[in-house]
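Please read these numbers as outputs of a predicted model, since none were measured by experiment.
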Amino acid sequence: MDDIDCAAERIDAFNAVALQAVLARTSGAPSSGICRACGCDIEPERLRATPHARHCKECAAEIEAENRRHNRCGPR
């Protein structure tokens, strides 16, 4: 087996694991409608689009910005 075949197998295995992780996240119970970060109600339009949302739009944006910063700069 050459390097390209090995790399293709690793990519297939990674994609399978990633898909299972996404499916596991979305197969849980629907959201309670209350943001886990601030305790406010999650916007109805957000819940219609993403029934499993755990954070309101504002907190989700803050968490995403922090994750992007962490990925670029590393932990502080």
Within this structure, what is the CZ-OG distance for the pair Arg54 and Ser31, rounded to the nearest 0.5 Å?
5.5 Å
Using a cut-off of 6.0 Å, state whether more than 12 heavy atoms not belonging to Leu19 lie near its atom CG.
yes
If you look at every heavy atom in Ala53 and Ile42, which pair is closest and at what distance?
O-CD1, 3.5 Å
Please confirm whether the backbone N or O of His55 pairs with a side-chain atom of Arg46, one donor and one acceptor, at under 3.5 Å?
yes
Please report the interatomic distance CZ(Arg10) to CG(Asp3), rounded to the nearest 0.5 Å.
8.0 Å
Calculate, to the nearest 0.5 Å, the distance between atoms CZ and CD belonging to Arg69 and Glu66 respectively.
4.0 Å
Just by distance, do the side chain of Ser32 and the backbone of Ile34 share a donor-acceptor pair under 3.5 Å?
yes
Taken in chain and number order and not counting sequence neighbours, the residues that satisfy side-chain contact (heavy atoms from CB on, under 4.5 Å) with Ala61 are none
With a 3.5 Å distance limit and no angle check, can you tell me whether Glu43 reaches the backbone of Cys56 through a side-chain donor-acceptor pair?
no
To the nearest 0.5 Å, what is the distance between NE2 on His70 and CZ on Arg72?
12.0 Å
When rounded to the nearest 0.5 angstrom, what is the spacing between CD in Glu58 and CD1 in Ile63?
11.5 Å
